[in-house]
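A quick note: this is a predicted structure, and the numbers were derived from the prediction, not measured.
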Amino acid sequence: MALSTDEVARLAALARVDLSPEELAKLAPQLDVILDAVARVSEIAGDDIKPSSHAFEITNVFRPDEVRPSISQEAALSGAPAEEDGKFRVPRILEED
Amino acid sequence: MNELLKLSAAEIGSKIAAGSLTSVEITKACFEQIHAVDAQVGAFLCLDEERALAAAAAIDARIAAGEKLGPLAGVPIGVKDIFCYQGLPTTCGSRILEGWMPPYNSTVVDRLLEAGLVIVGKLNMDEFAMGSSTETSGYQLTHNPWNLGYIPGGSSGGCAAALASYQVPLTLGTDTGGSIRQPASVTGVVGVKPTYGSNSRYGVLAMASSLDVPGPFARNARDAALLQEVISGHDPMDSTSLVSELPGLTDAVGKGVDGWKIGVVKEFGGDGYQPGVESAFKEALAKCERAGAEIVEVSCPHFDYALAAYYLIMPSEVSSNLARYDSVRYGIRVGDDGTRSMEEVMNLTRGAGFGEEVKRRIILGTYALSAGYYDAYYGSAQKVRTLIQQDFDAAFEKVDVLVSPTSPTVAWKLGERMDDPLAMYKADLCTIPSNMAGNSAASFPIGLSDGLPVGFQVMAPALADDRLYRVGAVLEEPLLDSLVGTSAWDALYEEAK
């Protein structure tokens with residue numbers, strides 16, 4: 001299997017990461033080598049083996065649905081790149097007509 | 001060097017409690033050492049001198065007033081820049097979080113403060129804990145105190161280098177695939193990856209949540225045990241935090257291994273161990289035998305696949321976890337000129353803010369989770385995870401602990417593996433299985449190979465962390481004693497170029 005620069009560009013777009021042409025040219029062959037090395041997991045992954053998503057069997061952990069103090073709105077906004085009227089300010093999210 | 005710096009954390013704590021040393025004295029000595037050597041070592045990303053000295057003075061006042069505090073009250077500590085601590089920036093070694101001030105503390109930091117430890121600053125690391133050399137940090141290189149031209153290991157390289165250059169007696173790191181044990185190994189200190197879930201992840205910036213665990217670094221097993229006892233325990237803020245408690249750890253130090261069965265793992269795959277690593281490892285095994293343990297070889301056939309499975313599971317979790325760095329709630333924002341859309345700004349911010357290794361893993365994870373590849377990659381890796389857990393279960397029916405070299409090689413030269421990701425990844429060959437299974441593991445210093453430290457890894461069942469300390473106390477060597485006074489040591493004090 002060979003991972004093309006086009007495919008890496010598509011994956012980068014899915015992951016919302018801008019890559020320069022130089023980065024694409026460097027990353028594609030590296031990812032190819034890595035994928036080649038990790039593909040061997042399928043050699044021993046038989047149909048009868050249960051997959052583990054975690055180290056231990058854990059179940060949902062619930063807490064009572066009660067109002068509790070939390071950090072203030074001011075503190076929550078303190079690290080934001082932009083804020084307005086006590087809210088996170090973002091660039092436009094809809095296309096202009 | 002100030003002689004006070006050679007004291008262990010346990011000695012510092014008991015002297016402070018007894019009134020023969022003040023926390024201010026030892027904290028000042030640490031800052032003097034930091035100012036003398038860290039221009040060369042590069043362990044700290046930021047310092048907190050004023051607040052640390054005030055905290056130290058407050059501890060001294062409480063002791064003078066007759067208050068009984070814990071065994072580490074007044075002891076200085078450095079923490080990896082992955083832990084949220086209000087009042088200092090938390091960057092996780094990434095430019096995308098440059099200058100970010102967290103609005104709350106991580107639980108483990110709160111526990112340090114409650115126990116009276118004095119936090120002196122934040123330590124350098126690979127960006128978002130991705131790396132084995134601390135070279136992927138977006139800020140600076142950290143150098144190995146044994147030879148400044150060599151890597152300090154990673155991702156918690158700052159933690160290891162600060163200890164090995166006597167800047168602080170304790171540090172706190174995190175381990176996802178070996179990020180505590182491997183840097184401990186290559187710098188000649190002790191590093192412990194406790195049982196997954198025994199230390200809270202609340203307020204610890206996430207890399208791969210099913211694998212990440214905070215843990216202690218120290219210069220000896222007893223100090224590491226004391227620190228682990230301070231930070232562990234259930235935390236309702238972390239839904240994967242274990243309710244069960246760890247057995248007594250400081251009590252375990254000195255109990256020995258007489259009558260124990262110690263299993264040497266037969267197959268880790270890879271390219272084998274460096275000869276100097278192998279011979280130091282064998283000498284340490286002989287030491288265990290002399291202490292009354294029986295050494296047996298144990299087969300863990302699926303460990304050979306652990307590295308491959310890890311480099312699917314970890315990037316998959318990374319690609320999901322790092323989606324939060326979207327230029328909205330925290331961190332930098334790039335290219336918001338009033339014309340670009342949210343999506344364009346997000347792409348530009350992440351492109352500019354993340355370094356090469358982080359991008360590599362995000363894309364790898366995106367691929368492993370994408371439609372059409374999920375079963376072959378992520379799905380298969382999860383099955384290998386089950387097989388590794390079964391290997392551990394079977395092994396621990398036969399032996400008390402499993403052992404191996406911590407890393408197949410000693411430290412390598414800075415820059416040597418930066419363009420060969422696979423070679424970099426192999427540094428964690430022996431440490432990854434314990435993250436996949438969640439059991440406890442640690443690295444202890446045992447000897448030198450060509451003047452560079454070799455670490456010995458001990459793996460114990462989940463919640464049997466006490467066994468790590470029992471083995472470690474038997475075989476650890478005070479390697480750092482032999483560093484002080486050498487020409488390598490003198491180089492730490494040279495003015496930065």
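Distance check: Ile49(A) CD1 to His302(B) NE2 gives 6.5 Å after rounding to the nearest 0.5 Å. The line from OH of Tyr377(B) to OG of Ser42(A) is 8.0 Å long, rounded to the nearest 0.5 Å. The structure places OH of Tyr373(B) at 9.5 Å from CG of Leu35(A), a figure rounded to the nearest 0.5 Å. Between atom CG of residue Leu364(B) and atom CD1 of residue Ile34(A) there is a gap of 6.0 Å, rounded to the nearest 0.5 Å. One distance of note links CG of Leu422(B) with CD of Gln30(A); it measures 10.0 Å at 0.5 Å rounding.
For a residue to count as touching a neighbouring chain, one of its non-hydrogen atoms must lie under 4.5 Å from one of that chain's; by this rule Val345(B) touches chain A with the side chain only. Only the side chain of Tyr425(B) comes within contact range of chain A, with heavy atoms under 4.5 Å apart. Heavy-atom distances place both the backbone and the side chain of Ala309(B) under 4.5 Å from chain A. Proximity to chain A (any heavy atom under 4.5 Å) is restricted, for Met436(B), to the backbone atoms N, CA, C and O. Residue contact with chain A, scored on non-hydrogen atoms closer than 4.5 Å, is absent for Tyr325(B). Of the two parts of Arg329(B), the backbone and the side chain both hold a non-hydrogen atom closer than 4.5 Å to a non-hydrogen atom of chain A. Only the side chain of Leu242(B) comes within contact range of chain A, with at least one heavy atom under 4.5 Å from a heavy atom of that chain. Only the side chain of Thr195(B) comes within contact range of chain A, with at least one heavy atom under 4.5 Å from a heavy atom of that chain. Contacts between Leu348(B) and chain A at a heavy-atom distance below 4.5 Å involve backbone atoms as well as side-chain atoms. Only the side chain of Val61(A) comes within contact range of chain B, with heavy atoms under 4.5 Å apart. When heavy atoms are compared at a cutoff of 4.5 Å, Ser239(B) approaches chain A by way of both its backbone and its side chain. Residue Asp238(B) does not touch chain A at all, counting heavy-atom pairs closer than 4.5 Å. For a residue to count as touching a neighbouring chain, one of its non-hydrogen atoms must lie under 4.5 Å from one of that chain's; by this rule Ile44(A) touches chain B with backbone and side chain alike.
Looking only at heavy-atom pairs under 4.5 Å with chain B, the residue among Glu43(A), Glu83(A), Glu74(A) that has the most is Glu43(A). Each of Pro81(A), Gly79(A), Ala55(A) has some count of heavy-atom pairs under 4.5 Å with chain B, and the biggest count is that of Pro81(A). The greatest number of non-hydrogen atom pairs below 4.5 Å with chain A, out of Tyr104(B), Tyr196(B), Tyr311(B), Trp100(B), is found for Tyr196(B). When Ala462(B), Ser341(B), Ser210(B) are compared by the number of non-hydrogen pairs under 4.5 Å with chain A, Ser341(B) comes out ahead. Chain A forms the most heavy-atom pairs under 4.5 Å with one residue out of Glu344(B), Gln390(B), Arg340(B), Met101(B), and that residue is Arg340(B). Interface remark: of the candidates Thr386(B), Asn439(B), Ile388(B), Thr386(B) forms the most heavy-atom pairs closer than 4.5 Å to chain A. Interface summary for chain A: among Ile313(B), Asp336(B), Asp326(B), the most heavy-atom pairs under 4.5 angstrom belong to Asp336(B). Ranked by heavy-atom pairs under 4.5 Å with chain B, the first of Gly46(A), Ala37(A), Ser20(A), Ala45(A) is Ala45(A).
Surrounding CZ of Arg324(B) are more than 12 heavy atoms belonging to other residues, nucleotides or ligands, all under 6.0 Å away. In this structure, Phe56(A) places its CZ atom where more than 12 heavy-atom neighbours from other residues, nucleotides or ligands lie under 6.0 Å away.
Looking at Arg350(B), its side chain does come within 3.5 Å of a backbone N or O of Ala15(A) through a donor-acceptor pair.
Val41(A) approaches Ala376(B) most closely through the heavy-atom pair CG2-O, 4.0 Å. Smallest separation of non-hydrogen atoms from Pro103(B) and Ala75(A): CB-O, 3.6 Å. His54(A) and Thr240(B) make their closest contact through NE2-CG2, 3.8 Å (heavy atoms, listed as atom of the first residue, atom of the second, distance). In this structure, Lys383(B) and Asp47(A) approach most closely via the heavy-atom pair NZ-CA, 3.8 Å. Smallest separation of non-hydrogen atoms from Gly379(B) and Pro51(A): O-CB, 4.5 Å.
Scanning residues 7-14 of chain A against chain B with a 4.5 Å heavy-atom cutoff picks out Glu7(A), Val8(A), Leu11(A), Ala12(A), Leu14(A), ordered by number.
Residues Glu356(B) and Glu23(A) form no side-chain contact, since every pair of their non-hydrogen atoms from C-beta on lies 4.5 Å or further apart. Looking at Ile363(B) and Leu19(A), their side chains come closer than 4.5 Å, going by heavy atoms from C-beta outward. Within the 4.5 Å cutoff, side-chain heavy atoms of Ser52(A) are placed close to those of Gln389(B).
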(Q) Using side chain to side chain contact (heavy atoms under 4.5 Å, CB included), reason through Arg360(B) and Leu31(A) one step at a time and then give a plain yes or no. (A) CA-CA 7 Å; Arg360(B) 195 154 38 226; Leu31(A) 287 169; 3.8 Å; yes
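Paired with Arg16(A) under the rule side-chain contact (heavy atoms from CB on, under 4.5 Å), one option of Asn347(B), Thr366(B), Thr349(B), Ile362(B) passes, and it is Asn347(B).
Relative to the ring axis of Tyr305(B), Arg40(A) places its NZ or CZ within 45° and under 6.0 Å from the centre.
With salt bridges taken as basic N to acidic carboxylate O contacts below 4.0 Å, one links Lys26(A) and Asp419(B).
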